[in-house]
Amino acid sequence: METILRAWGFALCTAALAAALLSAAAPDGPLARSLKYVLGLYIVLVAVSPLLGMRDLLRVGIPPLEGFSAEASLEAYDDAVLAQSTRLIEQGLADDFAREGIDASAEIFISMGEDGGIYCDRVVLRAGGQDAQRAAELVRAQLGTQPEIITGR
């Protein structure tokens with residue numbers, strides 16, 4: 001262990017000395033700044049070289065990509081976007097109903113088109129009497145679609 005530390009210390013000192021001499025001999029200007037950057041990087045690499053020699057100890061196991069399907073990943077992403085969009089639209093309508101004093105609930109059915117757009121396929125309202133008509137008007141105004149109305153809660 002002592003031999004390894006001694007060799008590492010010698011390599012680091014030699015790299016620092018060589019870098020100092022090259023840096024002092026370099027002309028001023030943009031080239032000198034570039035040279036100092038490269039020399040600094042060289043010293044850092046010499047300093048971490050013992051760790052690079054232990055790369056087997058530091059290796060992180062990454063599972064192989066067998067069975068990975070980009071299409072399945074995109075489909076899962078699209079499904080998650082649709083689910084979140086549905087929740088947000090339903091929550092927005094519930095907030096609007098509450099603000100307007102309408103006793104109703106809405107269930108939204110949306111899909112994703114080939115163009116990646118989200119489309120409202122169907123809206124089912126659960127409400128009764130006057131609330132059903134007011135809720136339907138609000139849905140038409142907000143979503144631009146005619147809802148199906150199921151009377152009663």
Side-chain angles (χ1 to χ4, degrees), residues 4-5 8 11-12 15-16 18-20 22-23 26-153:
I4 294 172
L5 286 175
W8 175 74
L12 190 57
L22 284 172
S23 180
D28 289 336
L31 181 62
R33 279 180 278 173
S34 298
L35 180 64
K36 286 180 182 180
Y37 175 77
V38 170
L39 292 173
L41 185 61
Y42 174 70
I43 291 173
V44 168
L45 288 174
V46 168
V48 299
S49 64
L51 295 176
L52 295 176
M54 298 186 313
R55 66 181 172 269
D56 289 337
L57 296 176
L58 301 173
R59 188 169 308 224
V60 176
I62 298 174
L65 293 177
E66 296 170 7
F68 173 78
S69 167
E71 187 174 313
S73 294
L74 287 174
E75 188 175 322
Y77 175 78
D78 288 348
D79 290 346
V81 167
L82 288 174
Q84 183 175 6
S85 298
T86 299
R87 281 191 306 273
L88 290 173
I89 294 169
E90 288 176 349
Q91 184 60 51
L93 284 174
D95 292 345
D96 289 345
F97 293 157
R99 185 174 46 255
E100 296 293 324
I102 300 171
D103 184 23
S105 65
E107 187 175 2
I108 310 296
F109 297 90
I110 61 176
S111 62
M112 190 170 290
E114 292 295 320
D115 62 351
I118 296 176
Y119 299 95
C120 185
D121 298 327
R122 187 172 152 216
V123 178
V124 177
L125 286 177
R126 293 189 192 331
Q130 192 68 12
D131 283 337
Q133 293 307 318
R134 291 177 57 210
E137 289 172 16
L138 194 128
V139 167
R140 277 192 298 274
Q142 294 287 339
L143 301 178
T145 188
Q146 177 64 36
E148 298 173 27
I149 300 173
I150 297 176
T151 56
R153 297 275 291 157

> Minimum heavy-atom separation for E90 to I108, with atom names?
Replying inline: OE2-N, 2.9 Å
>> For the CG atom of L22 and the NZ atom of K36, what is their distance to the nearest 0.5 Å?
In response: 12.0 Å
>> What's the separation between atom CZ in R134 and atom CG in D103, rounded to the nearest 0.5 Å?
In response: 10.5 Å
> Hey, are the side chains of Y77 and V81 touching, using non-hydrogen atoms and a 4.5 Å cut-off?
Replying inline: yes
>> Could you report the tightest heavy-atom contact between A19 and L39, atom names first, then the distance?
In response: O-CD1, 3.5 Å
> Which pair of heavy atoms, one from A16 and one from I43, lies closest together, and at what distance?
Replying inline: CA-CD1, 3.9 Å
> Quick one: CG on L143 to SG on C120, what's the gap to the nearest 0.5 Å?
Replying inline: 5.0 Å
> Going from CD on E107 to CD1 on I150, what distance comes out if it is rounded to the nearest 0.5 angstrom?
Replying inline: 8.0 Å
>> Tell me whether D131 contacts the main-chain N or O of A104 through its side chain, where contact means a donor paired with an acceptor under 3.5 Å.
In response: no
> From I89 CD1 over to L82 CG, what is the distance, rounded to the nearest 0.5 angstrom?
Replying inline: 9.5 Å
> Quick one: does L125's side chain get under 4.5 Å of F97's, heavy atoms only?
Replying inline: yes
> How many angstroms lie between OG1 in T145 and CD1 in I110, if you round to the nearest 0.5 Å?
Replying inline: 12.5 Å
